[in-house]
Chemist: 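Handing you this structure, nothing more for now.
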Amino acid sequence: MALFMINRYLGEEEDSESSRESRSRALLAKLQEQVKAREQQSVSNTADEDEDHQGEKEQKKRKRERQETEGVQRKAKKSENVKKTNLDNEAASSTKKKKKHKTLSNENESVNTGNNDLDHEKSVEITVTSESDPEESKKTEKSVDLQIGQFQAEAETNTSQTAFHILGGFKEKTVQKVRRVLPQWLAQPDVIQRDMKNNLIPISQVPGICPTLLKKLQANGIQSFFPVQAEVIPAVLDSVSSGLLLGPGGYRPRDICVSAPTGSGKTLAFVIPVVQALSKRVVREIRALAVLPTKELAQQVSKVFSSYTEGSSLKVVMIAGQKSFAAERAALSENRGGVSHSLADIVVATPGRLVDHINKNNNFSLHHLRFLIIDEADRMIDGMHQSWLSQVTKAVYRSPVDTQTSFFRRIVPGPITVASLSPPQIPLQKLLFSATLTQNPEKLQLLDLHQPRLFSSTHSCSETSTQSQDTFNFPQGLSEYYVSCTLSNKPLIILHFLLRLKFSPALCFTNSREGAHRLYLLVKLFGGVEVAEFSSRLSPSERQKTLKDFEQGKIPLLISTDAAARGIDINSVKCVINYDAPQYIRTYIHRVGRTARAGKAGSAFTFLLKVQETRFLKMVSDAGSPGIKRQLVQPESLKGMEARYEQTLAELGKAVKEEKARKRF
Ligand SMILES: Nc1ncnc2c1ncn2[C@@H]1O[C@H](COP(=O)(O)OP(=O)(O)OP(=O)(O)O)[C@@H](O)[C@H]1O
């Protein structure tokens, strides 16, 4: 039994056969009327639109639009074929139906014609009539043709409406390579000869150096100047030819930038002329300030300054945080009769401590500063976030508290006029040094250089150079190698290098201090070689002692982070090992530059995992390396060490655990 009953009104003639027939006839008549009406409507529409279209066609002569219209027409024809096929099928089925039921039926069918060019769809309605009636059939065909014609016309009209130009377009264009155009001073530097050995200049041939300094140079074993020194020393001396108060011809001297390979002697290139220039000063004031990125480098440079000022009245003071702030303050100035007097002529500083003294030490005056030396300049630019340079500049041009005691006026330099030149001004000259000086004008702009003059041994930086990457010069005596390795055999290879191939003294670099420490523990536990680590894990005094021991040959292997990658000058280093491949070319250049210094020979090995090889080798060759060769390590050569190595790994695990536990308590 049905749960629900639906009552429908079926009409009065519900069951009558005759009424059904008459209803069919009435329906057919109605449909035929509709066909006729539609036919008439189609004819009038098509005629109108054809006219419009003709008019438009004449106006539109652009090729692209015509092509689009043709495309639409092609598609419409295609759809016509589809319709005709459907028409045949439907007609056949209609005939069958007619034979069976002797009734006429009309069927409407819609065919969708996709038009991708116009990005819209146009549906065409086709009226299909039985084929048995030739007249009706003709009418139907005509109707179909007319409807297709109408569709075409509509499509063309729509094409003209939607044929707009897409700004930006989607066509792929090959972008032209932008040619790098460097400012003239960067594009045309004063060239420093790369070949150090064949371009040595006897020290007596460089003009302007006083006999005392010449004697000191000889006493330090220096008979000839390296090319960078022979070029830069006279240039700096020339800028002080009119004394400390004026530049050449009364003008402000040009700032000097020096880009020369690691170990090429850049330190003496600024130490000698600065000491020479200041040796004639009367009153002691801070006249030279050298800024370096690390304590160790500041110490190294301070040592060189001290060795060439020894026996003179010039005093060098280092402010790099090696001593307490109070001790540094006491070394910088003293109070006599209520007036502060400087105890330093040359200050060597790290940026952090320098800023501390500028802000917290009232007696620290840079009012007489003549030379600002920025060593490892590219690194110092990167560290500009500390804004140390702007603080130095402010301190230099800050009016002294007591203007009465100051004989000279010092104002921030502006345009050169007669009025601006009339009072004596101490010019501030910047001297920049680096093995990897950036050519990025935006970065260099941060230094606010005055008519800079570049000394460079990199010849590839021509004005027409399209190269976007900086190229550098590598030390002449350097041989570069790479070693293909896996993560598991890396430590074994380093042990093989040291124990069997006797590659020592060796400086080995890792990318992290944890990595350096683990490798240090591993080599120590394996035994057979004295090893030390150098990283921020150690205190400054421990680091100092470690470097000294390494320099004296007490430690043949030093495992370090990039803390020792820049500037550190240890002449005895025969071999540099990049246990972890450096990510940046500048890091690589500074690391490998710890060997092959001062024209000597040295080797650098970089351990590369398979995935690192392509990128790393490209990076090195793009930077201008003369060639990096593959160093093969046969698996058999590691065999004898494997058992001991496995045992050492187990010991290392324990040692690391113990260290962690110790840290917790
Ligand atoms: N004219 C010279 N004759 C012999 N040795 C020199 C001469 N000039 C410098 N040296 C020595 O060359 C070594 C490298 O010099 P220096 O440290 O100045 O190089 P650098 O160009 O500053 O290197 P880096 O870019 O790595 O800092 C030092 O040990 C230095 O004593």
Side-chain angles (χ1 to χ4, degrees), residues 192-206 209 213-214 216-234 257-275 290-294 296-308 348 373-380 431-438 455-458 472-478 507 509 547 550-551 560 562-574 576 586-602 604:
I192 297 168
Q193 293 300 323
R194 264 199 74 203
D195 186 352
M196 281 165 73
K197 279 184 192 160
N198 295 318
N199 289 288
L200 293 173
I201 311 283
I203 52 172
S204 55
Q205 280 184 24
V206 174
I209 300 175
L213 273 179
L214 286 176
K216 275 198 181 133
L217 282 165
Q218 278 169 339
N220 289 338
I222 291 171
Q223 306 296 332
S224 307
F225 280 129
F226 289 154
V228 65
Q229 296 159 349
E231 291 287 336
V232 176
I233 294 171
C257 301
V258 180
S259 176
T262 49
S264 61
K266 293 186 287 294
T267 313
L268 274 190
F270 62 81
V271 166
I272 297 294
V274 166
V275 172
V291 191
L292 294 110
T294 62
E296 286 74 26
L297 284 184
Q299 203 162 20
Q300 197 175 281
V301 168
S302 171
K303 228 170 144 183
V304 181
F305 265 122
S306 299
S307 104
Y308 286 93
V348 182
I373 302 140
I374 308 175
D375 202 1
E376 304 297 343
D378 59 315
R379 167 88 186 271
M380 298 303 288
L431 311 176
L432 271 71
F433 293 82
S434 178
T436 51
L437 191 71
T438 179
F455 292 87
S456 174
S457 54
T458 311
F472 306 102
N473 264 334
F474 289 67
Q476 243 186 327
L478 179 71
L507 183 54
F509 288 102
L547 275 186
F550 183 57
E551 200 170 0
S560 173
D562 284 324
R566 268 184 187 258
I568 298 288
D569 180 49
I570 300 171
N571 264 332
S572 55
V573 178
K574 290 251 170 56
V576 166
R586 282 188 163 81
T587 315
Y588 176 75
I589 288 170
H590 287 284
R591 280 184 182 182
V592 298
R594 295 316 100 208
T595 187
R597 297 177 71 78
K600 290 184 190 145

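Each ligand, and each atom within it, is numbered from 1 in the order the structure gives.
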Chemist: With sequence neighbours excluded, what pairs up with Glu231 under the salt bridge (charged side-chain N to carboxylate O under 4.0 Å, His left out) test?
Modeler: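 Scan of Glu231 (salt bridge (charged side-chain N to carboxylate O under 4.0 Å, His left out), adjacent residues dropped) gives none.
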Chemist: Using the test salt bridge (charged side-chain N to carboxylate O under 4.0 Å, His left out), find all partners of Arg594 that sit at least two apart in sequence or belong to another chain.
Modeler: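 For Arg594, no residue satisfies salt bridge (charged side-chain N to carboxylate O under 4.0 Å, His left out) once neighbours in sequence are set aside.
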Chemist: Check ligand 1 for N or O atoms under 3.5 Å from a protein N or O and list each pair with its distance.
Modeler:
from: ligand 1; atom 1: 1 (N); to: Ser224; atom 2: O; distance (Å): 2.7
from: ligand 1; atom 1: 1 (N); to: Gln229; atom 2: OE1; distance (Å): 3.1
from: ligand 1; atom 1: 8 (N); to: Gln229; atom 2: NE2; distance (Å): 2.8
from: ligand 1; atom 1: 17 (O); to: Arg597; atom 2: NH2; distance (Å): 3.0
from: ligand 1; atom 1: 18 (O); to: Lys266; atom 2: N; distance (Å): 3.4
from: ligand 1; atom 1: 18 (O); to: Thr267; atom 2: N; distance (Å): 3.0
from: ligand 1; atom 1: 18 (O); to: Thr267; atom 2: OG1; distance (Å): 2.7
from: ligand 1; atom 1: 19 (O); to: Gly265; atom 2: N; distance (Å): 3.3
from: ligand 1; atom 1: 19 (O); to: Arg597; atom 2: NH2; distance (Å): 3.4
from: ligand 1; atom 1: 21 (O); to: Ser264; atom 2: N; distance (Å): 3.2
from: ligand 1; atom 1: 21 (O); to: Gly265; atom 2: N; distance (Å): 3.2
from: ligand 1; atom 1: 21 (O); to: Lys266; atom 2: N; distance (Å): 3.1
from: ligand 1; atom 1: 21 (O); to: Lys266; atom 2: NZ; distance (Å): 2.8
from: ligand 1; atom 1: 22 (O); to: Thr267; atom 2: OG1; distance (Å): 3.4
from: ligand 1; atom 1: 23 (O); to: Gly263; atom 2: N; distance (Å): 2.8
from: ligand 1; atom 1: 23 (O); to: Arg597; atom 2: NH2; distance (Å): 3.0
from: ligand 1; atom 1: 25 (O); to: Lys266; atom 2: NZ; distance (Å): 2.7
from: ligand 1; atom 1: 26 (O); to: Arg594; atom 2: NH1; distance (Å): 3.1
from: ligand 1; atom 1: 26 (O); to: Arg594; atom 2: NH2; distance (Å): 3.0
from: ligand 1; atom 1: 26 (O); to: Arg597; atom 2: NH1; distance (Å): 2.8
from: ligand 1; atom 1: 26 (O); to: Arg597; atom 2: NH2; distance (Å): 3.3
from: ligand 1; atom 1: 29 (O); to: Asp569; atom 2: OD1; distance (Å): 3.3
from: ligand 1; atom 1: 29 (O); to: Asp569; atom 2: OD2; distance (Å): 2.5
from: ligand 1; atom 1: 29 (O); to: Asn571; atom 2: ND2; distance (Å): 3.1

Chemist: Can you tell me how far apart CG (Leu297) and CD1 (Ile568) are? Round to the nearest 0.5 Å.
Modeler: 5.0 Å
Chemist: Would Arg566 and Asp378 pass as an ion pair if we require N to O under 4.0 Å?
Modeler: yes
Chemist: Would you mind checking if Asp375 and Lys266 are paired as a salt bridge, meaning a charged N to carboxylate O distance below 4.0 Å?
Modeler: no
Chemist: Please enumerate all residues that pass side-chain contact (heavy atoms from CB on, under 4.5 Å) together with Ile222, with sequence neighbours excluded.
Modeler: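 Here the qualifying residues are Ile203, Leu217, Leu268, Tyr308.
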